[in-house]
Amino acid sequence: MKDVILLRWNNLIVALGGIGYGIIMIVNPEMLNEYKNYEIIGGLFDGTFLAYAFVIMGFIKILGVILNNRSLKVLGIFGLFFLWTTFSISFFVMQFHEGFPTANGVLCAIPALISIEIALSEVS
């Protein structure tokens, strides 16, 4: 198990980050409805769906790593990539189109970029 953690630490960090972000949204459901920087993403998707999607995709990714199941690893990382990218684009639109200053676009782009690197290594 220690070897799996050491070899796949970036997978686990992205998965745990997604789970953590999802839990924060579950505990604070007003985030997507009341915070201005979540205006676009909150209008596209239901906040509860997004919160649980982060948690579920994170757990699928971790389960795939633990079981060394390629299908679960790919499903989890592509799900997380989609979620992080969607959030990142939404925040960039809020910043550059709506004029609302936020650093969240950059912060969400980091796990999105790490996710695509992981995804490319999983499918090759």
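Counting only distance, with no hydrogens or angles, the side chain of Thr86 and the backbone of Phe82 share a donor-acceptor pair below 3.5 Å. No donor-acceptor pair closer than 3.5 Å links the side chain of Ser88 to the backbone N or O of Cys108. Side chain of Asn28 to backbone of Met31: no donor-acceptor contact under 3.5 angstrom is found.
Within 6.0 Å of the CZ atom in Phe45, the count of heavy atoms belonging to other residues, nucleotides or ligands exceeds 12.
Cluster annotation: Leu113 is not connected to Leu12 through the hydrophobic network of ILVMFWY side chains, with a link wherever side-chain heavy atoms come within less than 4.5 Å. Neither Phe81 nor Ile41 shares a network with the other; the hydrophobic side chains, linked directly or stepwise wherever heavy atoms of I, L, V, M, F, W or Y lie under 4.5 Å apart, form separate groups for each. If you chain together hydrophobic residues whose side chains sit under 4.5 Å apart, Leu16 and Leu107 never meet in one group. At a threshold of 4.5 Å between side-chain heavy atoms, the hydrophobic network of Ile, Leu, Val, Met, Phe, Trp and Tyr places Ile110 and Val14 in one connected group.
Of all heavy-atom pairs between Glu117 and Asn10, the closest is OE1-ND2, 3.6 Å.
Using cut-offs of 30° and 60° for the angle between ring planes, the Phe96 and Phe92 rings count as parallel.
Remark: aromatic rings of Phe54 and Phe59 are distant, center separation not under 6.0 Å.
Rounding to the nearest 0.5 Å gives a distance of 10.5 Å between CD1 of Ile60 and CG of Asn69. Annotation: the span from Leu75 atom CG to Ile77 atom CD1 amounts to 10.5 Å, rounded to 0.5 Å. Distance check, rounded to the nearest 0.5 Å: CG of Leu120 to CD1 of Ile116 gives 4.5 Å. Trp84 CH2 to Ser115 OG: the interatomic distance, rounded to the nearest 0.5 Å, is 8.5 Å. Here the CG atom belonging to Leu50 is positioned 9.0 Å from the CG atom belonging to Leu44, to the nearest 0.5 angstrom. Rounding to the nearest 0.5 Å places CG of Leu80 at 8.0 Å from CD1 of Ile19.
A heavy-atom distance below 4.5 Å is found between the side chains of Arg70 and Val123. Using a 4.5 Å cut-off on side-chain heavy atoms (C-beta onward), Glu122 and Asn11 make contact. Using a 4.5 Å cut-off on side-chain heavy atoms (C-beta onward), Met25 and Tyr21 make contact. In this structure, Lys61 and Leu72 have side chains that are not in contact, with every pair of non-hydrogen atoms separated by 4.5 Å or more. By the 4.5 Å heavy-atom criterion applied to side chains, Lys73 and Leu67 are not counted as neighbours.
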